[in-house]
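Residue numbers start at 1 and run along the sequence shown. This structure is a prediction, so every number in the text was calculated from the model and none was measured.
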Amino acid sequence: MMQKLQSILTEAKEKIALVQNQNELNETRAFYMGKKSPLGEILKQMGSLSIEEKKTLGSYANQVKQEIEACATAKRKEIEKLETLKRLEKERIDISLPGKDFKVGNKHPLTQVIEEVEDIFIGMGYNIAEGPEVEEDVYNFEMLNVPKGHPARDMQDSFYITENLLVRTQTSPVQVRTMLKAHGEPIKILCPGKTYRRDDDDATHSHQFMQFEGLVVDKHITMSDLKGTLSLFAQKMFGENRSVRFRPSYFPFTEPSVEVDVSCFKCGGKGCPLCKQNGWIEVLGAGMVHPNVLRGAGYDPEVYRGFAFGIGIERVTMLRYGVDDIRNFYINDKRFIKQFKGE
């Protein structure tokens with residue numbers, strides 16, 4: 001039996017040395033060390049031997065088993081090393097080839113302006129508020145002092161989904177929702193987002209556009225607070241020497257209401273084609289929150305007052321960068337976008 005064990009060891013080493021891959025190695029190892037292997041068959045015959053013979057044969061059989069295992073382990077490492085070298089050779093990169101030219105993109109000009117406006121108002125203590133673009137009529141119109149049949153609805157010819165569900169025509173519904181959630185507490189928010197109106201698709205109008213609206217509700221709020229806020233915004237957005245002018249206007253949800261002009265940032269108020277020779281550029285609408293709106297949202301208009309303002313983001317961007325056609329913002333022309341690298 002000792003000779004058979006020696007023969008098995010020699011044969012196993014020779015077979016292991018010839019294997020070419022992991023599968024062959026596993027099969028060879030199992031053949032010589034499994035339960036039905038030649039080694040296993042010899043061990044089964046040990047029952048008929050004496051105690052001394054069992055000790056001698058068992059010790060040698062264990063030695064053979066360990067040597068076969070060590071040989072298989074060494075072969076496995078050898079195969080793994082060869083496979084790694086082959087893979088590295090196959091995946092080798094020719095570093096002498098020129099690298100690929102990766103072009104760095106930039107943010108859309110509307111995104112740049114939105115982020116800048118948000119930074120300005122966050123710096124004044126405002127919170128950013130958002131709401132659904134598909135809105136209920138009660139939030140989009142009725143709670144903003146525009147009941148059904150009101151002529152002011154004609155100014156916001158709308159896309160209705162059902163009789164009482166539409167895509168919002170302004171971001172003012174976000175203000176209403178925020179006031180209702182505040183339960184009569186002071187608020188100070190900025191509401192940016194997309195809005196939709198049935199409009200002529202010409203150089204200055206689009207059926208989809210973006211707005212940001214601001215709302216402040218607290219005790220002792222006055223028109224001077226509104227003017228100071230918009231003056232600071234104009235200076236931050238259009239230049240330190242800008243000033244604002246209020247002109248009487250009408251909006252159903254504010255009273256009194258004003259149109260807000262900014263002194264022309266191209267000519268400094270002297271008159272030029274941009275400001276149509278009058279030195280001022282109309283940029284937004286604003287006013288003091290109507291008592292009906294405050295009352296409907298849970299505020300006592302005898303105690304609380306507020307101001308609100310709204311402006312089209314495209315309007316600001318067109319004025320700031322001299323864009324003459326609003327449709328350029330939506331045609332996805334990279335040549336147009338590349339002009340606005342930002343900082």
Side-chain angles (χ1 to χ4, degrees), residues 109-128 155 170-172 175 187-192 203-205 209-218 220-290 305-324 326 329 340 342-343:
L110 295 180
T111 301
Q112 294 182 36
V113 170
I114 290 170
E115 291 179 351
E116 185 169 351
V117 169
E118 289 179 343
D119 287 344
I120 291 171
F121 283 96
I122 288 173
M124 289 191 276
Y126 285 68
N127 294 313
I128 305 301
M155 295 186 295
Q170 53 201 351
T171 55
S172 302
Q175 299 181 16
I187 57 175
K188 195 174 186 181
I189 59 170
L190 185 76
C191 317
T204 60
H205 294 83
F209 58 98
M210 304 184 76
Q211 277 187 337
F212 67 83
E213 296 189 21
L215 173 69
V216 175
V217 178
D218 205 340
H220 313 301
I221 296 295
T222 66
M223 184 72 84
S224 62
D225 297 313
L226 171 60
K227 191 167 186 178
T229 298
L230 296 181
S231 295
L232 180 58
F233 163 71
Q235 291 165 5
K236 292 286 187 180
M237 182 58 64
F238 298 113
E240 294 182 358
N241 296 323
R242 302 285 67 77
S243 57
V244 297
R245 179 180 72 175
F246 284 3
R247 291 181 289 110
S249 186
Y250 166 76
F251 302 109
F253 32 84
T254 53
E255 180 60 40
S257 303
V258 293
E259 296 286 354
V260 183
D261 303 330
V262 173
S263 57
C264 183
F265 37 84
K266 185 174 183 181
C267 66
K270 297 177 181 178
C272 67
L274 179 62
C275 62
K276 299 179 182 179
Q277 306 302 328
N278 64 23
W280 296 91
I281 299 174
E282 180 184 328
V283 292
L284 57 88
M288 303 302 292
V289 181
H290 199 290
R305 300 193 69 193
F307 65 74
F309 55 87
I311 184 173
I313 293 172
E314 287 87 348
R315 172 77 169 155
V316 174
T317 310
M318 291 174 75
L319 289 172
R320 186 168 190 185
Y321 294 118
V323 178
D324 58 3
I326 193 173
F329 293 127
F340 307 93
E343 293 297 327

Engineer: Given 3.5 Å as the limit, does a donor-acceptor pair link the side chain of Ser263 with the main chain of Ser243, or not?
Structural biologist: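 Answer holds: yes.
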Engineer: Who passes ring pair (Phe, Tyr, Trp, His ring centres under 6.0 Å) against Phe307, sequence neighbours left out?
Structural biologist: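 Not a single residue meets the ring pair (Phe, Tyr, Trp, His ring centres under 6.0 Å) criterion with Phe307.
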Engineer: For the backbone of Thr171 and the side chain of Gln211, can you confirm whether one donor and one acceptor N or O come within less than 3.5 Å of each other?
Structural biologist: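 Looks like yes, one N/O pair under 3.5 Å.
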Engineer: Answer whether the closest heavy-atom distance between the side chains of Trp280 and Val262 falls below 4.5 Å.
Structural biologist: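 In short, these two side chains do not touch, never coming nearer than 4.5 Å.
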Engineer: With a 4.5 Å heavy-atom cut-off, do Leu226 and Met223 have their side chains touching?
Structural biologist: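 The answer is yes, as the side chains (C-beta and beyond) meet within the 4.5 Å cut-off.
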Engineer: Distance-only, no hydrogens or angles: does the Arg242 side chain make a donor-acceptor pair with backbone N or O of Met237 under 3.5 Å?
Structural biologist: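 Judged by distance alone, no pair lies under 3.5 Å.
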Engineer: Contact between Arg320 and Gln112 at the side-chain level, heavy atoms closer than 4.5 Å - yes or no?
Structural biologist: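 Answer no - side chains too far apart.
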Engineer: Is there side-chain contact between Ile313 and Phe209, with at least one heavy-atom pair below 4.5 Å?
Structural biologist: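 Ile313 vs Phe209: side chains apart.
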Engineer: Indicate the ring-plane relationship of Phe265 and Phe238, choosing parallel, tilted or perpendicular according to the 30° and 60° boundaries.
Structural biologist: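 If you compare the ring of Phe265 with that of Phe238, the planes turn out parallel.
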Engineer: Could you walk me through whether Glu213 and Gln175 pass the side-chain hydrogen bond (donor to acceptor under 3.5 Å, both in side chains) test, one step at a time?
Structural biologist: CA-CA 8 Å; Glu213 296 189 21; Gln175 299 181 16; 2.8 Å; yes
Engineer: What orientation do Phe340 and Tyr321 show, parallel under 30°, tilted 30 to 60°, or perpendicular over 60°?
Structural biologist: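 It falls in the perpendicular class, over 60°.
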Engineer: Examine distances only and state if a side-chain atom of Lys188 and a backbone atom of Met124 form a donor-acceptor pair shorter than 3.5 Å.
Structural biologist: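 Judged by distance alone, yes, a pair lies under 3.5 Å.
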Engineer: Using a 4.5 Å cut-off on heavy atoms from C-beta on, say whether the side chain of Thr317 contacts that of Phe329.
Structural biologist: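 Yes, at least one pair of side-chain atoms sits under 4.5 Å.
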